[in-house]
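The structure presented is a predicted model; accordingly, all values stated were derived computationally and were not measured. We name chains A, B, ... by the order of the sequence lines, and we start the count at 1 in each one.
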Amino acid sequence: MVPSQVAANCAKRKAHGVEDSPSKKAKSDIPGYNDSPQEEYDIVDRQFYPPEMENERCKQYNTSAIERPIETFEEAQRETQSERDKTRVKDAVVHWFKCDLRITDNKALHLASAKAKSRSVPLICIHIVSPQDYKAHVTSAVRVDFVLRTLEVLKEDLAQLDIPLYVETVAKRKAIPNRIFELCEKWGASHLYTNIEYEVDELRREALMTRTGVSNGVAVHAVPDTCVVAPGELSSGTGNQYSVYSPWFRAWLAYLHTHPHQLDLFDPPNKNPEDARRNFKDLFECEIPEAPENKKLTDEEKKRFRSMWPPGEHEARERLGKFLSEKVHHYADARNIPAGNSTAIVSVHLSSGTLSARTAIAAARDANSTKKLDGGEKGIVGWISEVAWRDFYKHVLAHWPYVCMNKPFKPEYTNIQWEYNNELFQKWCTGMTGYPFIDAAMRQLNHTGYMHNRARMAVASFLAKDLLIDWRMGERYFMEHLIDGDFASNNGGWGFSASTGVDPQPYFRIFNPLLQSERFDADGEYIRKWVKELEGIEGKAIHDPYGRKATKAAEKAGYPKMCVDHKESRERCLKRYKEGLGRDTA
DNA sequence: AGTTGATTGCT
DNA sequence: GCAATCAAC
């Protein structure tokens, strides 16, 4: 949105009678309140706003007027193409690692290496740590720790190839692009390679750097890598973007069928020229930093998380291999059972790029009896579809960028009156709701930085529908605690659960937490593992320890009673959604 | 990737 | 009583 459009929207708002509520701080006083989505790449600090204010704020954007940074980016690429093509290779080529922390099957890294080799100059790798960026993205401390540990593995692997990995901390994220250009100049690098990220600020940054690189003497090559099928490649018969998974998935499969080379893997980089170690001695000696102040783990947490989450791409491929050779055969039947061990648990690797989604899909294809993505073994086909959800949500993010601005995908859902009951929210966060299955899930998250997918859906539905708490508070809590927190998947999943997202999930689809428990944790194994108060309860009573079959055991152990009644909550939820959507409540 | 309540047909 | 089925939320 250009400033004149912002003004026009303001006028429109006035015309529609949208006024500041007098009880709240004047909106113009909120820093960033009037930021247009096309503001130059800068921090949009989501933590600043109380959620109820955020809901007001997000009503103000005219979603159809928000520019799509993917178009801005493509335009930047077109405009600079010839200039970038004729940039001569100078003394070095740089690859910038972001969420692609691997050397195997990494497109930008592969291209960077090929470029360097073509002129026999060294490849230099960099990674920038920015505390402000972590803050803006609500990155969990456990995830930061995982990334920093992965950098050690990466540095080691690169060193084997005489390639340095230079890691620098840049406090303000707005300063990152220029700092990178400075480094390029210092090293005499005229080519910078990196894989595209699709969140709004990130995509804006890729566009900005593609453009400003030209005047800084650096040809910036931001390439699509993180998705198996790049956003923009798929559109419906009428040329529109898909917002429903099933037709999108059919198009995704068809695309890969006609473009089989999209599943060819990229080779690791070549070895650097011999003098690289001498010439860049200081870079080889650079140390991986400690976690910044705002993302420190306690000693106890370090001990706990590090043993659970070994870093690096070797671990990632080992998990993938083990999954495809052993577990995938039971996947179709068992993937919804959180107590089991039936899933690949590679989410952390997909989100930090220690595993390429392309590698994962290609390996699943090769493990299939048909050697194809569809047909053949049910477990494999099912798993491919699950990995494809990740692509789907990134496509949605790229084409409906306002989901990055705390807006629901469906604008009419901004009118739902959410609850902001902190006491209930805290019960949800700490796993003290009195619903054993929900509490088990939340405690698994708090203890391990991970939660089974089925459990994620159950707790999300419980927060949004039973507690009617603003789903964005849950979305944030997940990001603050998940080791695999990825914006697109997390946001997409929460939108799905709250029925405000893509994919038609009617608002009246409300999970029954007790039914979910009985169906997906029939023996109560998951509950007993995570809710120690209920460990001794036998049989079906575990699902509802104060219900008909109850003994005194739960009370003795101090387990809380249900914080809300599901039947009442369900009715309240249906009513509130109807009101918000302006439907007849009769 | 749902739940509920009513109805039906069976024991 | 109880499971299967179906429409409506």
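Rounded to an integer number of Å, the gap from CG of A/Leu574 to C1' of B/dG2 is 12 Å. When the C1' atom of B/dG2 is taken as reference, atom CZ of A/Phe520 falls 9 Å away, rounded to whole Å. Here the P atom of nucleotide C/dC9 and the CD atom of A/Glu579 are 17 Å apart, to the nearest Å. For A/Gln505 and B/dT3, the CD to C1' distance is 12 Å, given to the nearest whole Å. If you take CG of A/Asp466 and P of B/dT4, they are 10 Å apart, rounded to a whole angstrom. Regarding A/Phe392, its CZ atom lies at a distance of 16 Å from the P atom of B/dA1, rounded to whole Å. Rounding to whole angstrom units, CZ of residue A/Arg570 and C1' of C/dA8 are separated by 10 Å. When rounded to the nearest whole Å, the span between NZ of A/Lys465 and P of B/dT3 equals 11 Å.
In this structure, A/Asn336 reaches the B/dA1 phosphate: one of its side-chain N or O atoms is under 4.0 Å from OP1 or OP2. An OP1 or OP2 oxygen of B/dG2 is reached within less than 4.0 angstrom by a side-chain nitrogen or oxygen of A/Arg454. A/Gln516 has no side-chain polar atom (N or O) that falls below the 4.0 Å cut-off from OP1 or OP2 of B/dA1. Regarding contacts with the backbone of B/dT3, a side-chain N or O of A/Arg519 is found under 4.0 angstrom from either OP1 or OP2. The phosphate of B/dT4 has OP1 or OP2 within less than 4.0 Å of a side-chain N or O from A/Asn512. At B/dA1, one or more side-chain N or O atoms of A/Arg335 fall inside 4.0 Å of OP1 or OP2 (strictly under the cut-off).
Ring geometry for A/Tyr507 versus A/Tyr577: interplanar angle under 30°, hence parallel rather than tilted (30 to 60°). Aromatic ring orientation, A/Trp248 versus A/His395: perpendicular (interplanar angle above 60°, classes split at 30° and 60°). Aromatic ring pairs are classed by plane angle as parallel below 30°, tilted from 30° to 60° and perpendicular above 60°; the pair A/Trp389 and A/Tyr245 is parallel.
Side-chain N/O atoms of A/Tyr331 and A/Glu377 include no donor and acceptor closer than 3.5 Å.
Of the charged side-chain nitrogens involved, none lies within less than 4.0 Å of a carboxylate oxygen, so that A/Lys322 and A/Glu318 do not count as a salt-bridged pair.
Taking the side chain of A/His566 as heavy atoms from C-beta on, and the options B/dA1, B/dG2, B/dT4, the nearest nucleotide is B/dT4. Set against B/dA1, B/dG5, B/dT3, the side chain of A/Lys567 has B/dG5 as its closest nucleotide.
Across all strands shown, A/Phe496 has heavy atoms under 4.0 Å from base atoms, whether or not it also approaches the sugar-phosphate.
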